[in-house]
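See below for the structure under consideration.
Counting convention: from 1, in listed order, for ligands and their atoms alike. When a residue number appears, it is its place in the shown sequence, counting from 1.
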Amino acid sequence: MARACVVGAGMTHFGVHDKPLEELFAEAALSAIHDAGVDGDEIDSLYFGNAMGGITENDTHLAPKLASYLGLQGIPCQRFEDACATSSNAFKHAVQSVEAGVHDVVLVGGAERCTPETGLDTKEMTRTFASASHRTYEQPLGLTFPGVFALLTKRHMYEYGTTEEQLAEVAVKNHDHGRYNPRAHFGGQVDVAEVLDSPIVADPFHLMDCCPFSDGASAVIVVSDELAESFRGEPVDVTGVGHRTDTVPIADKNAPVETTAAKEAATEAYEQAGISADNIDFAEVHDCFTGAEVIAIEALGLVPEGEGGPVTKRGETHLSGEMPVNPSGGLKAKGHPIGATGTAQIVELTEQLRGEVGERQVPDATKAVAHNLGGDTATAVVTVMEAGQ
Ligand code: COA
């Protein structure tokens with residue numbers, strides 16, 4: 001079976017954009033195409049992720065529209081929707097299609113607009129995002145996504161003694177990393193006191209514990225390893241992609257705070273790659289809220305269960321620490337245009353493993369993991385990538 005690699009990566013700045021979705025996606029896609037040195041007529045499929053465009057922009061059937069905008073009309077195209085794990089799931093399918101020999105060169109990515117540029121303010125966008133929670137049991141109760149992750153985090157605090165200060169350290173670290181990422185929504189240093197003094201959004205989360213609403217797009221070119229040498233872009237191997245789901249609604253999950261889907265997806269990805277968590281040099285994880293990062297690094301096996309908070313406070317997950325987490329700034333500082341987030345993590349892994357990211361470079365990194373959650377942790381896609389041999 002062929003092995004998949006990424007030979008091109010590109011993304012827009014994450015933040016506030018007044019461009020339509022097709023322009024945003026084209027910017028990311030053309031950047032990935034240029035990076036790979038691939039010709040348009042070599043691309044034989046488009047796997048595209050957008051989660052909310054049908055609601056936020058009355059824009060559906062996006063895959064062929066975007067292919068046409070890029071001059072790729074005619075090739076098979078498909079759109080994916082898995083809440084915040086939308087484009088990592090598109091990426092998984094692209095990888096599998098290349099490994100199966102169905103396609104040789106796939107353009108995969110995502111785009112989303114979530115800021116008031118869509119015409120929807122914070123209240124309306126929060127309600128739109130809540131469409132990913134259970135229609136019968138959760139939406140009528142007013143459960144929002146800050147609320148979902150606040151429930152999980154409160155439970156983590158109860159079980160392991162995790163503190164608000166430890167959570168705030170996640171925000172401090174990721175904003176610090178964001179300073180070195182020119183494509184991040186937020187850089188700039190913040191301290192623990194600023195996080196704890198910011199307004200409460202959903203207890204225990206203050207405003208500074210939350211990711212922002214962002215616009216943006218990301219894209220990568222996935223090819224078979226047999227073809228990789230024929231492109232300009234330095235190949236980075238995709239050695240494992242695990243994908244699992246968990247029960248919805250949240251109240252029916254067996255072990256909500258362990259994020260079972262993420263744990264199982266990580267096991268699957270590590271098995272495919274033939275490695276364990278001990279071999280990982282850095283991680284990009286789904287830190288939509290600070291508590292989500294603490295839970296994620298435990299689910300990935302990067303730190304022992306219950307130790308996510310103390311490990312973060314000790315600085316071990318900082319760029320300068322033993323296990324850097326979210327060198328890009330993560331969702332917290334880089335931003336979270338939901339349908340673009342999954343492949344943006346793949347862009348960061350690719351560029352880091354090539355040694356291209358300057359001041360936020362993780363030294364000597366050869367193996368990395370990306371962790372992307374959808375909905376109330378009901379979808380998890382975990383990807384292992386390794387520097388090309
Ligand atoms: N992190 C850091 N700063 C933020 C921020 C965030 N998440 N969100 C907004 N800000 C800043 C703004 O830049 C602005 O700064 P300024 O006054 O210097 O210009 C200020 O805070 C107020 O911004 P505003 O947009 O009015 O905030 P808001 O109250 O409307 O929204 C949140 C703030 C945290 C409620 C909103 O960003 C949010 O709901 N985030 C979570 C999104 C989400 O649920 N995603 C899905 C995850 S699964």
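For residues 234-272, the set of pairs meeting the ring-ring contact (aromatic ring centres under 6.0 Å, His included) definition, not counting sequence neighbours, is empty.
No side-chain donor-acceptor contact under 3.5 Å links Asp281 to the backbone of Ala368. Remark: the backbone N or O of Thr136 is paired with a side-chain donor or acceptor of His134 at under 3.5 angstrom.
Thr239 is linked by a side chain to side chain donor-acceptor pair (under 3.5 Å) to Glu386, counting only residues two or more places apart in sequence or in another chain. Residues forming a side chain to side chain donor-acceptor pair (under 3.5 Å) with Thr115 (at least two apart in sequence, or on another chain): Asp215.
Using a cutoff of 4.0 Å between basic side-chain nitrogens and carboxylate oxygens, Glu169 and Lys173 are not scored as salt-bridged.
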Pairs of nitrogen or oxygen atoms, one from ligand 1 and one from the protein, closer than 3.5 Å: please tabulate them with distances.
{"unit_1": "ligand 1", "atom_1": "1 (N)", "unit_2": "Lys332", "atom_2": "NZ", "d": "3.2"}
{"unit_1": "ligand 1", "atom_1": "7 (N)", "unit_2": "Cys210", "atom_2": "O", "d": "2.7"}
{"unit_1": "ligand 1", "atom_1": "7 (N)", "unit_2": "Cys211", "atom_2": "O", "d": "3.2"}
{"unit_1": "ligand 1", "atom_1": "7 (N)", "unit_2": "Pro212", "atom_2": "N", "d": "3.2"}
{"unit_1": "ligand 1", "atom_1": "30 (O)", "unit_2": "Thr122", "atom_2": "OG1", "d": "2.6"}
{"unit_1": "ligand 1", "atom_1": "40 (N)", "unit_2": "Cys211", "atom_2": "O", "d": "2.8"}

